[in-house]
Every structure is written in C-alpha cells, then in structure tokens.
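Counting starts at 1 for both ligands and their atoms, in listed order.
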Amino acid sequence: MSGPEAEAAASTPASRLTLTVNGTRHAVTVDNRTSLLDLLREHLGLTGSKKGCNAGACGACTVLVDGRRQNSCLILAVRLDGAEVTTIEGIADGDDLHALQQAFIDQDAFQCGYCTPGQIVSGIACIQEGHTQSPEEIREWMSGNICRCGCYPKIVRAVQQAAGRK
Ligand code: FES
Ligand code: FES
C-alpha cells in the first residue's frame, strides 16, 4: 500500500485494550471503529457469535458483557477495557453442555442454527434475570432475538426446560 491509502491507514486511530473473553485475558490493539462482534470474530477467531443484521435488530450476535446480554455488533470494542465477556463458546463446562444448550437439543429448537448462539446466550440471561414465569414472559424478554426459521415455540419450551419449568 502506498500514497493516500497508506497515509489513511497509518492515521486510523487505534487503541490498546485488555479484556477477558470466556475466562482468557486478551490484550489487543484495534481500530477504534471495531465492534465487539468483529473483535471476537475477526481478531480472536471466536465465530460462534453470528453477524445477522450488524445493526442491533436480530440478536444473532448476543453475548454477555459483565453478565448482561448485549448486541455485540452495537458495542465499540474500545469501550470494553477491563470487561468480562462471555460468548457461546464459553458456556459449556468442558464436554458438559450448559442446561440450555441441552434443552435446545431436547426440544429441537433450531433449523438452520444461525440464530441459535444468540438465542442461547440471550436465554441464559433471560433465566438469570428471572423472566421465565410464563411462555408469554419468555416471549417478551426473548423478543430481541429473531429466528427466521420460525422455531419460536420450541425456543420458548427450551428456555422453560432449562429454567426448570418443564
Ligand atoms: Fe447484532 Fe443483528 S448482528 S443485532
Ligand atoms: Fe434458522 Fe433460527 S434456526 S434462524
């Protein structure tokens, strides 16, 4: 690269940050415009979190940031210095699936699977938040996660199962 392109690349603001992802500390230097989703997928090789809309509308990119569910496509990585991030890759205990992963299998709660990582991470938070008193409540609190295959009834049943209500 040379000329104006090289100059532009050299002048792109970048920042160094340290964050913990699934229990592993990472020190990275990123272009300030990098989203958490791109940091995970492009820099750390964690491709479980999916890029659906890249605009906060589908939930395919859902991860936990300091225990709270977030659309990782909407968060700038540079804001996360010192944060603890959990992705779909970090929720099983070795070979033991998380209860909600197992429930998705038991309830056959996916078809193409593209939305599934986000659904499961969001479902874990939904259970932790206590929003599982009824199918209606689960639907409401999972409404930020879109499933184009239309697996919603089974997803609700999976969340109920993992919450111990089914
Ligand atoms: Fe982030 Fe759709 S990819 S909400
Ligand atoms: Fe295909 Fe949800 S299983 S989008």
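Heavy-atom contacts of Gly52 reach the following atoms of ligand 1: 3 (S) (cutoff under 4.0 Å). Contact atoms of ligand 1 toward Asn54: 2 (Fe), 3 (S) (distance under 4.0 Å to a heavy atom of the residue). Remark: ligand 2 atoms within the under-4.0 Å shell around heavy atoms of Gly113 are 1 (Fe), 3 (S). Atom numbering of ligand 1 starts at 1 in the shown order; those under 4.0 Å from a heavy atom of Ala57 are 4 (S). Which parts of ligand 1 touch Gly56 is read off a 4.0 Å heavy-atom cut-off, strictly below it: atoms 4 (S).
Trp141 is not connected to Ile120 by any chain of hydrophobic side-chain contacts under 4.5 Å among Ile, Leu, Val, Met, Phe, Trp and Tyr, and they are in different clusters.
Taking 2.8 Å as the threshold, Cys147 counts as a candidate ligand of atom 2 (Fe) of ligand 2, since one of its N, O or S atoms lies below it. In summary, an N, O or S atom of Cys115 is located under 2.8 Å from atom 2 (Fe) of ligand 2. Checking Cys58 against atom 1 (Fe) of ligand 1, every N/O/S atom stays at or beyond the 2.8 Å cut-off. Checking Cys53 against atom 1 (Fe) of ligand 1, every N/O/S atom stays at or beyond the 2.8 Å cut-off.
Checked by atom type, the side-chain pair Arg41/Thr47 shows no donor-acceptor distance below 3.5 Å. Between Arg16 and Thr29, the side chains place a donor N or O and an acceptor N or O closer than 3.5 Å (distance only, hydrogens not considered). Asn22 and Thr87 share a side-chain donor-acceptor pair at under 3.5 Å.
To the nearest 0.5 Å, the span separating OG on Ser15 from CG on Leu80 amounts to 12.0 Å.
In this structure, Asp38 pairs ionically with Lys51, as a charged nitrogen and a carboxylate oxygen lie closer than 4.0 Å.
When atom types are taken as modelled, the side chain of Ser122 and the backbone of Gln119 share no donor-acceptor pair closer than 3.5 angstrom.
Rounding to 10 degrees gives 110° for the angle at atom 1 (Fe) of ligand 1 between SG of Cys61 and SG of Cys73.
Residue Arg139 qualifies as enclosed at atom CZ: its count of foreign heavy atoms under 6.0 Å is above 12.
If you look at Ser72 next to ligand 1, there are no close heavy atoms at all, none under 4.0 Å.
Of the options Arg148, Gln111, Lys154, the smallest heavy-atom separation from atom 3 (S) of ligand 2 is shown by Gln111.
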